Structure formats: C-alpha cells, structure tokens
Peer 1: 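Input: one structure, supplied below.
What you see is a predicted model; the values in this text were computed from it and never measured.
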2 protein chains.
Amino acid sequence: MDRNTALAAAEGNDQVLDSQKVMGTQTLVRGLALLECVADGVSYVKGISSRLGTRRSTTHRMLSSLVAEGYLHHVPYRGYTLGPQLIRLGARALEQRPVVGIARPHLESLARRTADTVHLGVRDGNAVLYLEKIPGTRGLEMRSRIGQQMPFALTGLGKAMMFAIPRDRWRALYEDGLTWVSGDAHPLPWPEYEAKLDAAIARGWTYDFEENELGVRCVGAPVRDISGGVIAAISLASPVFHMAESRMAELGPMLRETADAISRELGWGS
Amino acid sequence: MDRNTALAAAEGNDQVLDSQKVMGTQTLVRGLALLECVADGVSYVKGISSRLGTRRSTTHRMLSSLVAEGYLHHVPYRGYTLGPQLIRLGARALEQRPVVGIARPHLESLARRTADTVHLGVRDGNAVLYLEKIPGTRGLEMRSRIGQQMPFALTGLGKAMMFAIPRDRWRALYEDGLTWVSGDAHPLPWPEYEAKLDAAIARGWTYDFEENELGVRCVGAPVRDISGGVIAAISLASPVFHMAESRMAELGPMLRETADAISRELGWGS
DNA sequence: ATGCGCGCTCCCAAAATGTGGGACACTCAC
DNA sequence: GTGAGTGTCCCACATTTTGGGAGCGCGCAT
C-alpha cells in the first residue's frame with residue numbers, strides 16, 4: 001500500500017502508526033485528506049491525485065461527491081476551492097466550544113479597557129488554534145485570524161498553556177516551534193526559554209517579546225475548567241510601541257484576573 | 001435509503017436527483033452526513049446511528065476515524081462535538097473567497113461612517129450565508145454570525161441577490177423563506193413582496209422592514225463580478241430606532257456605491 | 001491557428017474495502 | 001445495584017470502491 005506510506009510521509013511526524021490505525025474507512029479518510037489538500041491551495045485534479053496517490057477517476061469521484069455535498073466549490077476548468085458547508089461547520093464548531101461563548105464578554109471588557117488586541121486560543125497538537133480575536137483599536141491590525149494556527153511554544157497563548165504541560169515535554173514543543181519560524185521572529189535560546197517559563201508560572205502570566213512576530217509583544221494567561229486543567233489561554237497583544245515593559249507588568253494581573261473569571265464560570269475552583 | 005431522501009428534503013430544491021447521483025463514495029458521504037449530524041447537536045452514538053441508519057459498529061468506526069483526523073472532538077461517555085479541523089478549514093474556506101478580502105476594507109469604511117452593523121453574504125441554496133460581519137457600534141448587538149444561514153428571500157441581503165434571479169423563481173424562494181419563520185418575523189404577503197422587489201431593482205438597493213427579525217431594519221445592495229452576475233450582497237442593519245425611513249433612503253445610495261466599488265475591484269464593468 | 005495537456009464523463013470486471021452481527025468490559029444515571 | 005448505552009475487539013460475507021480505459025471538450029502556449 002504505497003498510498004499509506006505516501007500519506008504518512010505527507011503528514012510528516014509520528015503519524016506513521018496512524019495509517020495502520022482505524023481501518024475500515026479508507027474512502028472517508030481519503031476524502032478528508034482531499035479537503036486538506038484543497039485547503040492548502042492544491043486546486044486541480046492532477047495535483048490532488050498525485051498528492052493523494054489516487055488515480056484520476058477515483059479522485060474525480062470523490063471531488064464530485066464533495067462538490068455535491070457543498071464541501072467544495074467548483075468552477076469548471078478553474079479548479080476547486082473549499083465550499084460553504086465548511087464555513088457553516090466551522091462556525092458551528094466554534095459555537096460548540098463552551099469556552100468561546102463564556103469568554104466573549106470578558107474578552108470584550110478587556111478589549112475596551114486596554115485598546116489592545118485580545119486573543120483566545122486552545123492547544124491543537126503542536127499548535128495554538130485561535131478561537132476568538134478582538135482587534136485592537138489603535139489602528140494597527142494584527143495578522144492573526146480565528147481558525148489560524150501558530151507555533152505552540154512561541155506565543156504568549158501557548159506559553160500560558162505550557163503551565164499545565166509536564167516539564168519533560170517542554171523541550172519537544174519548543175523544538176517543534178522552531179521549525180515554524182519564518183524570517184521575522186527571534187525565538188529565545190533554550191535555557192533562557194525554560195527559565196522564563198518557570199518565572200511565568202511563578203508569576204501567573206506570560207510575556208512574549210517579539211519572539212513570534214517582529215514588532216509585536218504580548219501578555220498571556222491560562223484558563224482552567226472544572227477539572228483544574230488548563231484548557232485554553234487568553235492574551236493581549238500590541239505593537240512594541242504600546243507595550244513598554246512597565247505597561248506589560250501592569251497588564252499581567254489584569255490578564256490573570258480575567259482568565260480566572262472565565263475559569264470560574266467554567267467551574268474552576270468550585 | 002431513507003437517509004438520502006431525508007437529505008434531499010433538507011436541501012430543499014432540485015437536489016432530489018442528487019441522491020441517485022455520484023455513487024461510489026458511500027462511506028465518504030455517510031461520514032459527511034455524520035458531521036452534519038453532530039453539527040445539529042446529535043452528540044451520542046445512539047442518536048447518530050439511528051439518524052444515519054447505520055449499525056452501531058459502523059457508526060463507531062466512522063466516529064473513531066473522524067476523531068483521529070481532528071474533525072470531531074470526543075469526550076468518552078460525554079459525546080462528540082465538532083473538532084478543531086473544522087474550525088481551521090472553515091477559516092480557510094473564508095480566505096479562499098476572493099470577495100471577502102476585497103470587500104473588507106470597503107465594509108470597514110462603511111461601518112465607520114454609519115456605526116451600523118455591516119454584513120456580507122452569498123447565496124447558498126435557499127439560504128443566505130454570512131461571510132463577513134462587522135458589528136455596529138451602537139451597543140446593540142445583532143444575533144447574526146459569520147457562517148450562519150438565514151432565509152434567502154426574507155433578508156435585505158437575499159433580496160439584493162434576487163436582482164439577478166429570474167422572476168419565475170422568486171415565488172419558490174419566497175415560499176421557502178416562509179418555512180423558516182419563527183415567531184419574531186412578519187413577512188410581507190406575496191403580491192406586495194413582488195412589487196417591493198420590483199421597486200428595489202429599479203432603485204438599486206433593497207429595504208427590509210423587520211421582515212426577518214423583529215426590531216431590525218436593513219438596507220442591502222448587490223455585488224457583481226466580472227461576468228456581471230450577482231455573486232454576493234452587502235447590507236447595513238440597525239434597530240428600528242436608528243433606522244427611520246428617511247435615514248434608510250439616505251443610506252441606500254451609500255450602500256450602492258460601496259457595493260459597486262467592490263464589484264469594480266472584482267472586475268465588474270471592465 | 002494549431003496542438004497538447006488536462007479536465008470532465010462514461011463504462012466495467014476484479015478485489016479490496018466496508019458492513020454489521022456478536023461478545024465483553026466499562027461508565028454513568030437512576 | 002441495575003440497566004441502558006458506550007468503547008473495543010473479531011470476522012465472514014458481499015457490497016462498495018477501485019482504477020484502467022476511451023472519448024470529448026476546454027484552454028493555454030507556442
């Protein structure tokens with residue numbers, strides 16, 4: 001089955017075992033892989049079938065089904081793009097996360113008081129997934145978007161969620177984060193990173209000094225649920241100009257209070 | 001296959017033939033139906049399998065695959081919810097629509113000048129699908145959300161897109177819209193509806209007087225692309241209090257100009 | 001203007017894939 | 001406790017999927 005090896009190779013990491021896993025749904029899994037493929041901008045049959053390792057006729061069959069169900073949008077001879085059903089389901093998926101609805105008013109209050117950009121994110125594998133964003137009102141827009149992923153270890157959000165991750169896994173996440181970096185980031189060297197994370201845990205909130213995006217600093221804090229585990233994090237971000245170290249130190253407690261208020265609504269400490 | 005008839009009925013229009021269509025992807029189509037099922041809040045195995053018409057073991061197999069791929073989130077003995085991959089793909093699907101990115105600055109400008117809620121939507125079957133929303137700054141929040149659907153014929157957005165729909169299909173869309181209405185809407189009777197739509201076409205923008213949501217009025221205008229066809233629409237909405245008829249008449253031309261500016265960027269009239 | 005690559009739509013035999021029945025351990029709610 | 005329902009196996013059967021092929025049409029590049 002060269003298809004499986006191809007898929008495993010495409011996935012890149014420890015998914016090699018995955019391909020062996022839940023068997024009995026080849027068509028379904030292939031269809032989902034096809035969606036990812038289109039999500040990555042591969043919009044023509046040839047590219048898709050070569051990336052999936054399926055023949056043209058098989059690929060066409062799946063494409064037609066996905067188009068018929070509204071998961072793909074199709075313009076003949078112009079290619080395939082993600083369809084309206086995915087927009088709908090994506091919105092539903094957000095609604096179904098209790099933390100989003102509960103956090104929103106708290107985040108709005110934070111945004112009003114600080115004028116900075118507010119984020120809510122959860123862990124998704126080795127990434128942070130943004131669930132909510134309230135743009136700052138200083139006229140300088142962050143590039144982040146709901147549904148976007150960022151390296152877990154190199155964001156204020158991710159570092160706040162590190163609080164609940166066993167120390168022996170920090171290094172792996174840190175190393176993974178380095179593989180994401182483009183030009184405009186200067187991550188800390190490891191020993192310093194670890195030390196700063198320890199300090200953040202003692203303090204109760206995290207700092208990010210342009211480590212992920214040049215010119216942007218942020219402050220983050222973890223959100224916990226009824227089990228006491230960290231299930232999300234919030235952050236405040238702004239251009240360096242508005243984020244002097246002294247101001248960050250003032251924002252920290254505010255972040256932490258907001259995060260704790262959300263946590264309490266989720267049942268934390270009750 | 002009663003599942004297919006149910007699906008076809010849910011789709012509403014000429015999809016009845018569809019169920020016979022693209023065969024050879026049963027597992028994929030079932031898996032997608034499963035996602036919709038979970039999206040509708042059916043989160044337990046029993047409910048899902050009965051709605052899909054599949055046996056427990058088959059349902060479990062699909063569920064496990066979807067969880068493994070991140071399309072579903074699973075808490076043992078607590079049920080299934082839509083997963084992070086759908087949030088990601090939903091966001092990508094939005095990015096892949098050129099109209100969203102092109103319209104955004106125009107919509108932001110409109111929002112700043114009017115302080116009302118701005119919407120961008122496209123047609124999705126018999127519904128309007130919101131692609132963008134900029135909340136008004138009058139403190140009164142609309143319930144609408146990106147990714148949400150509304151009855152096509154009963155919204156300012158939908159009526160603006162009616163401009164390009166052959167007159168002989170208006171009635172069907174109107175009737176379909178009536179099947180959506182909850183308590184808080186008073187749709188116009190048909191003859192009046194048709195007359196007002198004619199007037200709107202002559203004028204170049206649409207009005208909606210609380211027909212879809214009680215207490216909310218809106219003004220809409222169509223967006224065209226290079227082909228000249230209407231591919232989207234924009235609208236301004238606010239509580240009745242801020243939407244006197246006189247003000248709506250002033251907003252109309254502004255809406256139309258913004259819509260046309262977006263259309264031109266999409267290649268309209270070039 | 002012409003050609004070629006590729007997209008779209010059929011068909012069909014072979015076989016790989018998915019199905020569903022059954023059994024057992026476990027969890028949760030009543 | 002008890003029972004309904006979930007999570008996890010296994011396996012023989014046959015339905016479903018596969019992919020090769022052939023034809024037509026579109027559009028890009030030369």
Peer 1: So, is B:S57 near the phosphate of C:dG21, with a side-chain N or O under 4.0 Å from OP1 or OP2?
Peer 2: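 The answer is no; no side-chain N or O of B:S57 sits under 4.0 Å from OP1 or OP2.
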Peer 1: Using only heavy-atom distances, decide whether a donor-acceptor pair under 3.5 angstrom links the side-chain of A:R56 to the base of D:dG21.
Peer 2: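 No.
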Peer 1: What's the CG-P distance between B:L72 and D:dT6, to the nearest Å?
Peer 2: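 The distance from CG of B:L72 to P of D:dT6 comes to 15 Å, rounded to the nearest Å.
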Peer 1: To the nearest angstrom, how far is A:R55 atom CZ from D:dT17 atom P?
Peer 2: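 So the CZ-P distance, A:R55 to D:dT17, works out to 19 Å.
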Peer 1: OP1 or OP2 of D:dT18 less than 4.0 angstrom from a side-chain nitrogen or oxygen of A:Q26, does that happen here?
Peer 2: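 For D:dT18, OP1/OP2 do have a side-chain N/O of A:Q26 under 4.0 Å.
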Peer 1: Does a side-chain N or O from A:H74 land closer than 4.0 Å to OP1 or OP2 of C:dC8, or not?
Peer 2: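 For C:dC8, OP1 or OP2 has a side-chain N or O of A:H74 closer than 4.0 Å.
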Peer 1: Mind listing the side-chain donor-acceptor pairs of residues 38-48 of chain A below 3.5 Å, one per line with the distance, residues two or more places apart or on another chain?
Peer 2:
residue : atom : partner : partner atom : Å
A:D40   : OD1  : B:R92   : NH1          : 3.4
A:D40   : OD2  : A:R51   : NH2          : 2.8
A:Y44   : OH   : A:R78   : O            : 3.4

Peer 1: Output one letter per nucleotide in nucleotides 24-30 of chain D: B when a protein non-hydrogen atom lies under 4.0 Å from the base, S when only the sugar-phosphate is that close, - when neither is.
Peer 2: --S-S--
Peer 1: Which heavy atom in A:S144 sits nearest to a heavy atom in A:H119, and how many Å separate them?
Peer 2: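 Where A:S144 meets A:H119 most closely, the heavy atoms are OG-NE2, 2.6 Å.
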Peer 1: So, using salt bridge (charged side-chain N to carboxylate O under 4.0 Å, His left out) as the criterion, who are the partners of B:E132 when residues are at least two apart?
Peer 2: B:R104
Peer 1: Could you check how far CE of B:M62 sits from C1' of C:dT17, rounded to whole Å?
Peer 2: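 B:M62 atom CE is separated from C:dT17 atom C1' by 14 Å.
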Peer 1: Is a side-chain donor or acceptor of B:Q149 paired with a backbone partner of B:A127 at a separation under 3.5 angstrom?
Peer 2: no
Peer 1: Rounded to the Å, how far apart are B:H60 NE2 and D:dC9 P?
Peer 2: 11 Å
Peer 1: Tell me what B:T27 touches on the nucleic acid: a base, only sugar-phosphate, or nothing, going by heavy atoms under 4.0 Å.
Peer 2: sugar-phosphate
Peer 1: Measure from the side-chain heavy atoms of A:Y44 and tell me the nearest of C:dG7, D:dG5, C:dG20.
Peer 2: C:dG7
Peer 1: Measure the distance from NZ on B:K46 to P on D:dG7 and round it to the nearest whole Å.
Peer 2: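 Roughly 14 Å, once rounded to whole Å.
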Peer 1: Partners of A:Y130 by side-chain hydrogen bond (donor to acceptor under 3.5 Å, both in side chains), sequence neighbours excluded?
Peer 2: none
Peer 1: Check the phosphate of D:dT18 against A:R61, side-chain N and O only, distance under 4.0 Å to OP1 or OP2. Yes or no?
Peer 2: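 Yes, because at least one side-chain N or O of A:R61 sits under 4.0 Å from OP1 or OP2 of D:dT18.
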Peer 1: Ignoring hydrogens and angles, state whether a donor on the side chain of B:T59 or B:T54 is under 3.5 Å from an acceptor on the partner side chain.
Peer 2: yes
Peer 1: By nearest heavy atom, map B:V45 and B:L28 onto DNA chain D; which one lands nearer the 5' end?
Peer 2: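 Of the two residues, B:V45 wins.
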Peer 1: Pairs in or reaching into residues 260-269 of chain B: which pass side chain to side chain donor-acceptor pair (under 3.5 Å), with residues at least two apart or in two chains?
Peer 2: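 For residues 260-269 of chain B: B:H106-B:E265.
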Peer 1: Taking five pairs at each end, how big is the angle between the two axes of the helix from C:dA1-D:dT30 to C:dC30-D:dG1, to 10°?
Peer 2: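 End-to-end axis angle for the helix from C:dA1-D:dT30 to C:dC30-D:dG1: 70°, rounded to 10°.
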Peer 1: So, is B:Y80 near the phosphate of D:dG7, with a side-chain N or O under 4.0 Å from OP1 or OP2?
Peer 2: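 Indeed, a polar side-chain atom of B:Y80 lies that close.
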Peer 1: Is any side-chain heavy atom of B:R224 closer than 4.5 Å to a side-chain heavy atom of B:L266?
Peer 2: no
Peer 1: Calculate, to the nearest 0.5 Å, the distance between atoms CG and OG1 belonging to A:L255 and A:T206 respectively.
Peer 2: 7.5 Å
